[in-house]
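Remarks on the structure that follows.
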Amino acid sequence: QVQLVESGGGSVQTGGSLRLSCKYTPTRYCMGWFRQAPGKEQEGVAGIDSDGTTSYSDSVNGRFTISRDYATNTLYLQMTNLQPEDTATYYCASGGFYTGGQFRCKPDRPEHFGAYGQGTQVTVSS
């Protein structure tokens, strides 16, 4: 079972930036970021395949960037131009399905993921 620990959350004003980090036990699995706001369903935000192919939800595309560093086993989510609707607890996750020599996943397919971290809070104030 992959272990994941998020960090980097905090409070920012509208238009600000934050970078989330997620340390994970070594794996080539696909990695992703999810978020959940109070009273709302979990939302897949971004995913990165084992070969570095990325995918994003429409709500964050162009503002958020997902990346991973195999040397340090760290997943990142660079968030820019943050808006109040981005306020949520953010979770990193691992999983994916194996095809063509790579682990693939999509953030809008939660069934692709099997392990989650404990979450880190992001609050954006107007």
Side-chain angles (χ1 to χ4, degrees):
Q1 183 80 356
V2 177
Q3 304 295 314
L4 309 108
V5 180
E6 303 94 336
S7 62
S11 297
V12 297
Q13 293 189 327
T14 299
S17 299
L18 278 176
R19 188 177 78 159
L20 305 183
S21 300
C22 172
K23 288 283 289 184
Y24 56 87
T25 49
T27 181
R28 288 190 64 245
Y29 284 156
C30 185
M31 304 292 293
W33 286 98
F34 290 78
R35 66 186 181 186
Q36 187 162 23
K40 294 188 177 182
E41 292 186 357
Q42 183 184 71
E43 177 189 9
V45 172
I48 184 166
D49 298 347
S50 55
D51 65 356
T53 301
T54 58
S55 54
Y56 299 92
S57 66
D58 290 343
S59 61
V60 307
N61 195 23
R63 299 188 298 123
F64 291 10
T65 302
I66 187 172
S67 61
R68 67 191 299 173
D69 185 340
Y70 277 109
T72 61
N73 300 308
T74 306
L75 177 72
Y76 298 102
L77 185 68
Q78 179 67 50
M79 305 184 294
T80 63
N81 191 22
L82 283 161
Q83 303 297 312
E85 53 266 34
D86 295 317
T87 295
T89 300
Y90 284 71
Y91 303 86
C92 64
S94 70
F97 59 94
Y98 190 73
T99 181
Q102 305 294 333
F103 286 96
R104 306 277 181 203
C105 60
K106 295 295 182 186
D108 61 347
R109 300 289 298 276
E111 66 270 25
H112 288 175
F113 299 87
Y116 290 80
Q118 84 289 349
T120 186
Q121 179 67 36
V122 171
T123 302
V124 185
S125 58
S126 57

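The model shown is predicted, which means the values in this text are computed figures rather than measured ones.
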Problem set entry | From Glu43 atom CD to Asp108 atom CG, the distance as rounded to the nearest 0.5 Å | 10.5 Å
Exercise. Is it true that atom CD of Glu41 has more than 12 heavy atoms of other residues, nucleotides or ligands lying nearer than 6.0 Å?
Worked result: no
Problem set entry | Pro107 versus Ser57, closest heavy-atom pair with distance | CG-N, 4.5 Å
Exercise. Same hydrophobic cluster for Val12 and Val60, using side-chain heavy-atom links shorter than 4.5 Å among ILVMFWY?
Worked result: yes
Problem set entry | Neighbour count above 12 (heavy atom, 6.0 Å) for Tyr24 OH | yes
Exercise. Can you tell me how far the CG atom of Leu75 sits from the OG atom of Ser67, to the nearest 0.5 Å?
Worked result: 7.0 Å
Exercise. Which atom names give the shortest non-hydrogen contact between Ala37 and Ala88, and what distance separates them?
Worked result: N-CB, 3.8 Å
For this session: Grab the two heavy atoms, one from Val2 and one from Leu4, that are nearest each other, plus how far apart they are.
Result: O-CD1, 3.8 Å
Exercise. Would you say the ring centroid of Phe34 lies under 6.0 angstrom from that of Phe113?
Worked result: yes
Exercise. Cluster question for you: counting only ILVMFWY and a side-chain heavy-atom cut-off of under 4.5 Å, with indirect links fine, are Tyr76 and Phe103 together?
Worked result: no
Seminar exercise, completed: Value for CE (Met31) from CD1 (Ile48), rounded to nearest 0.5 Å, stands at 9.5 Å
For this session: Calculate, to the nearest 0.5 Å, the distance between atoms OG and CG belonging to Ser11 and Leu82 respectively.
Result: 11.0 Å
Exercise. Which pair of heavy atoms, one from Phe64 and one from Val45, lies closest together, and at what distance?
Worked result: CD2-CG1, 3.7 Å
Problem set entry | Check: Thr87 main-chain N/O paired with Thr123 side-chain donor or acceptor under 3.5 Å | no
Exercise. Roughly how far, to the nearest 0.5 Å, is CZ of Arg104 from CZ of Arg109?
Worked result: 15.0 Å
For this session: Evaluate the side-chain hydrogen bond (donor to acceptor under 3.5 Å, both in side chains) criterion for residues Gln102 and Ser50: first the C-alpha distance (whole Å), next the side-chain angles of each, then the deciding distance (0.1 Å), finally the verdict.
Result: CA-CA 6 Å; Gln102 305 294 333; Ser50 55; 2.7 Å; yes
For this session: Tell me, yes or no, whether the heavy-atom count around Asp58 atom CG, taken from other residues, nucleotides or ligands under 6.0 Å, exceeds 12.
Result: no
For this session: List the atom of His112, the atom of Cys105, and the distance in Å for their closest heavy-atom pair.
Result: ND1-CA, 3.4 Å
For this session: Let me see the working for Glu6 and Gln118 under side-chain contact (heavy atoms from CB on, under 4.5 Å), right down to the final yes or no.
Result: CA-CA 7 Å; Glu6 303 94 336; Gln118 84 289 349; 2.8 Å; yes
Contacts under 3.5 angstrom, residues 89-100 side chains, donor-acceptor by atom type, not counting sequence neighbours:
unit_1 : atom_1 : unit_2 : atom_2 : d
Thr89  : OG1    : Gln121 : OE1    : 2.9
Tyr90  : OH     : Arg35  : NH1    : 2.9
Tyr90  : OH     : Asp86  : O      : 2.6

For this session: Ignoring hydrogens and angles, tell me if any N or O in the side chain of Asp51 forms a donor-acceptor pair with the backbone of Thr53 under 3.5 Å.
Result: yes
Side chains of residues 14-23: which donor-acceptor pairs under 3.5 Å do they make with residues two or more places apart or in other chains?
unit_1 : atom_1 : unit_2 : atom_2 : d
Thr14  : OG1    : Ser125 : O      : 3.0
Lys23  : NZ     : Thr72  : O      : 2.7

Exercise. Atom CZ in Arg28, atom OH in Tyr70: separation rounded to 0.5 Å?
Worked result: 5.5 Å
Seminar exercise, completed: Scanning both residues in full, the closest heavy-atom pair of Asn81 with Arg63 reads O-NH1, 3.0 Å
